[in-house]
2 protein chains.
Amino acid sequence: MSKEDSRYILVKTMQSALQSKGLHGVGLNEILKTAGLPKGSLYYHFPGGKEELALAAIANAEQEMSRFLEQLFARFDDPLEALAAWIDSALQRIAASRFKLGCPLAAAALDCSPEDTDLLLALNGAFGNLRDLLTRQISRAGFPAEAAADLAVLVLTSYEGGLMMARAAGSTDPIERSFRALLSHVRLQQKEFANGH
Amino acid sequence: MSKEDSRYILVKTMQSALQSKGLHGVGLNEILKTAGLPKGSLYYHFPGGKEELALAAIANAEQEMSRFLEQLFARFDDPLEALAAWIDSALQRIAASRFKLGCPLAAAALDCSPEDTDLLLALNGAFGNLRDLLTRQISRAGFPAEAAADLAVLVLTSYEGGLMMARAAGSTDPIERSFRALLSHVRLQQKEFANGH
DNA sequence: CTAGTTATAGACCGATCGGTCTATAGAGTA
DNA sequence: TACTCTATAGACCGATCGGTCTATAACTAG
């Protein structure tokens with residue numbers, strides 16, 4: 001097993017742990033047991049311990065999410081269709097996990113103390129990148145810059161809030177409802193802007 | 001100091017702890033130190049320990065939120081103005097805490113394991129009540145039942161997601177942006193329904 | 001005053017936390 | 001084969017976790 005293999009296994013295991021139990025909800029021993037690796041490996045690859053591993057997991061989660069979104073936007077001509085496809089995949093993913101898995105970024109954001117500035121900075125960077133990505137694509141759908149930026153943030157916040165509520169509800173209903181409302185909004189507003197408002 | 005005093009202090013302290021550090025982010029000893037009470041008091045009032053205290057904090061948070069919303073909706077003729085006032089107060093609250101405090105419900109929802117069924121059930125109940133409250137009020141603003149329900153969930157998810165992102169960003173920007181987008185949506189759709197669609 | 005109940009008060013417990021340390025297996029190179 | 005460096009391997013540590021226990025202060029009822 002090469003260096004990169006173990007490192008990656010640890011990152012992915014931490015990512016899953018964040019999704020299902022939050023930052024302080026899992027212990028390192030449990031993570032290592034799941035990963036099938038000893039403590040020595042963890043502190044060899046991540047001398048900074050749990051926090052460094054969490055930062056790596058956050059970075060990886062953001063990268064996965066960004067790549068997935070970019071692929072979707074590349075596949076669909078209409079950015080709004082890509083958004084719908086994104087939500088669709090999120091619905092399937094969370095239902096397949098029996099509503100156990102949320103967003104690792106959100107979990108880390110709510111489970112750390114305000115003093116964990118490194119974590120919060122990393123999270124802010126991750127959310128900022130996703131927001132910018134969405135803003136760019138929503139602009140492509142014919143929205144002016146400011147409206148697109150606001151809308152991108154609304155998409156992101158309702159996605160995160162929807163995932164959180166779906167986990168609590170044990171149902172995809174919150175995500176479905178909020179995105180139905182959101183899309184009907186976007187379509188309406190799109191017409192308005194198309195009419196020159 | 002009466003029985004109810006100590007009990008209430010513990011509940012409020014746990015509520016604050018959930019907001020700033022999440023369920024597993026604070027220890028009981030820290031909570032007791034903040035509350036200025038010994039361990040005996042905790043287990044006298046809450047024999048079920050940390051989980052029972054967390055459940056009480058969740059119930060209290062929901063009640064506070066519900067009451068606050070009901071008061072706002074009673075004060076404003078236009079439900080949408082009440083929503084705007086709600087967000088305004090949330091902005092002030094989170095900024096006043098220097099972006100340390102999130103929503104205790106969301107924090108608990110993301111920081112518990114999927115096996116904590118009691119917690120998840122309580123959270124689902126709390127979110128359900130808030131959703132129903134919002135649905136009722138949004139209906140009053142002239143929205144058909146289904147659209148109002150969808151919209152209520154969108155309001156709630158983007159509120160929760162917005163609080164979370166604001167905490168990570170150290171800025172009210174995410175909440176402001178998402179609610180600006182949301183309100184412009186609601187106004188537009190309101191016109192549509194008023195025109196008989 | 002006594003008995004009984006309520007509500008602290010905090011010492012104490014085993015388990016587990018994140019983290020450190022020494023030891024060594026194994027691959028690559030001379 | 002012997003040396004070296006990488007990457008485990010896991011025993012071990014003090015601190016802290018949530019939780020239990022006994023003791024007692026404070027108040028009420030008789």
Side-chain angles (χ1 to χ4, degrees), chain A residues 1-18 20-58 104 107-108 111-113 115-120 122, chain B residues 1-18 20-58 104 107-108 111-113 115-120 122:
Chain A
M1 190 171 292
S2 84
K3 173 172 180 173
E4 289 313 310
D5 284 340
S6 290
R7 205 192 137 87
Y8 186 67
I9 289 174
L10 286 169
V11 169
K12 293 299 288 181
T13 307
M14 173 56 109
Q15 204 174 318
S16 294
L18 283 176
S20 67
K21 300 191 180 184
L23 183 59
H24 294 110
V26 254
L28 287 183
N29 292 325
E30 187 181 339
I31 289 175
L32 291 169
K33 191 182 161 194
T34 304
L37 289 167
K39 216 160 230 184
S41 296
L42 202 174
Y43 283 90
Y44 174 76
H45 295 289
F46 302 94
K50 198 182 194 184
E51 181 174 349
E52 188 180 345
L53 179 57
L55 287 172
I58 288 167
D111 198 13
C112 70
S113 28
E115 292 79 31
D116 290 338
T117 45
D118 290 349
L119 257 176
L120 289 171
Chain B
M1 190 171 293
S2 83
K3 174 172 180 174
E4 289 313 309
D5 284 341
S6 290
R7 205 192 136 88
Y8 187 66
I9 289 173
L10 286 169
V11 168
K12 292 299 289 180
T13 308
M14 173 57 109
Q15 204 175 318
S16 294
L18 283 176
S20 68
K21 298 191 180 184
L23 183 58
H24 295 108
V26 253
L28 287 183
N29 292 325
E30 187 180 340
I31 289 176
L32 291 169
K33 191 182 163 195
T34 305
L37 289 167
K39 216 161 230 185
S41 297
L42 201 173
Y43 283 90
Y44 174 76
H45 294 289
F46 302 94
K50 197 182 195 184
E51 181 173 348
E52 189 181 344
L53 180 57
L55 287 172
I58 288 168
D111 198 14
C112 71
S113 26
E115 292 80 30
D116 290 338
T117 46
D118 291 349
L119 258 175
L120 289 172

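So you know, we letter chains A, B, ... as the sequences are listed, proteins then strands, and number each from 1.
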- Item | Per-nucleotide protein contact string for nucleotides 16-26 of chain D (B base, S sugar-phosphate only, - none; heavy atom under 4.0 Å) | -SBBB------
- Evaluate side-chain contact (heavy atoms from CB on, under 4.5 Å) for F46(A) paired with V11(A), printing each intermediate quantity in order. CA-CA 10 Å; F46(A) 302 94; V11(A) 169; 3.7 Å; yes
- Item | Gap separating the CG atom of L37(B) from the OG atom of S6(B), nearest 0.5 angstrom | 4.5 Å
- Proximal nucleotide (of dA9(D), dT8(C), dA7(D)) relative to the S41(B) side chain: dT8(C)
Between [N] atom [atom2] and [X] atom [atom1], what is the distance in whole Å?
| X | N | atom1 | atom2 | answer |
| --- | --- | --- | --- | --- |
| I9(A) | dA7(D) | CD1 | P | 14 Å |
| L37(A) | dT8(D) | CG | C1' | 8 Å |
| L32(B) | dA7(C) | CG | C1' | 14 Å |
| K33(B) | dA9(C) | NZ | P | 17 Å |

- Task: Kindly give the heavy-atom pair with the smallest separation between A107(A) and G22(A), and that separation in Å.
- Result: CB-CA, 4.2 Å
Name every donor-acceptor pair, under 3.5 Å, that has one atom in a side chain of residues 26-35 of chain B and the other anywhere in the protein, sequence neighbours excluded.
| residue | atom | partner | partner atom | Å |
| --- | --- | --- | --- | --- |
| N29(B) | OD1 | K39(B) | NZ | 3.1 |
| E30(B) | OE2 | K21(B) | NZ | 2.8 |
| T34(B) | OG1 | E30(B) | O | 2.9 |

- Message: Please check this pair: side chain of H24(A) against backbone of L23(B), looking for a donor-acceptor N/O pair closer than 3.5 Å.
- Response: no
- Message: Show me the pairs that pass salt bridge (Lys or Arg N to Asp or Glu O under 4.0 Å) and involve residues 41-52 of chain B, at least two apart or across chains.
- Response: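 The answer is none; no pair qualifies.
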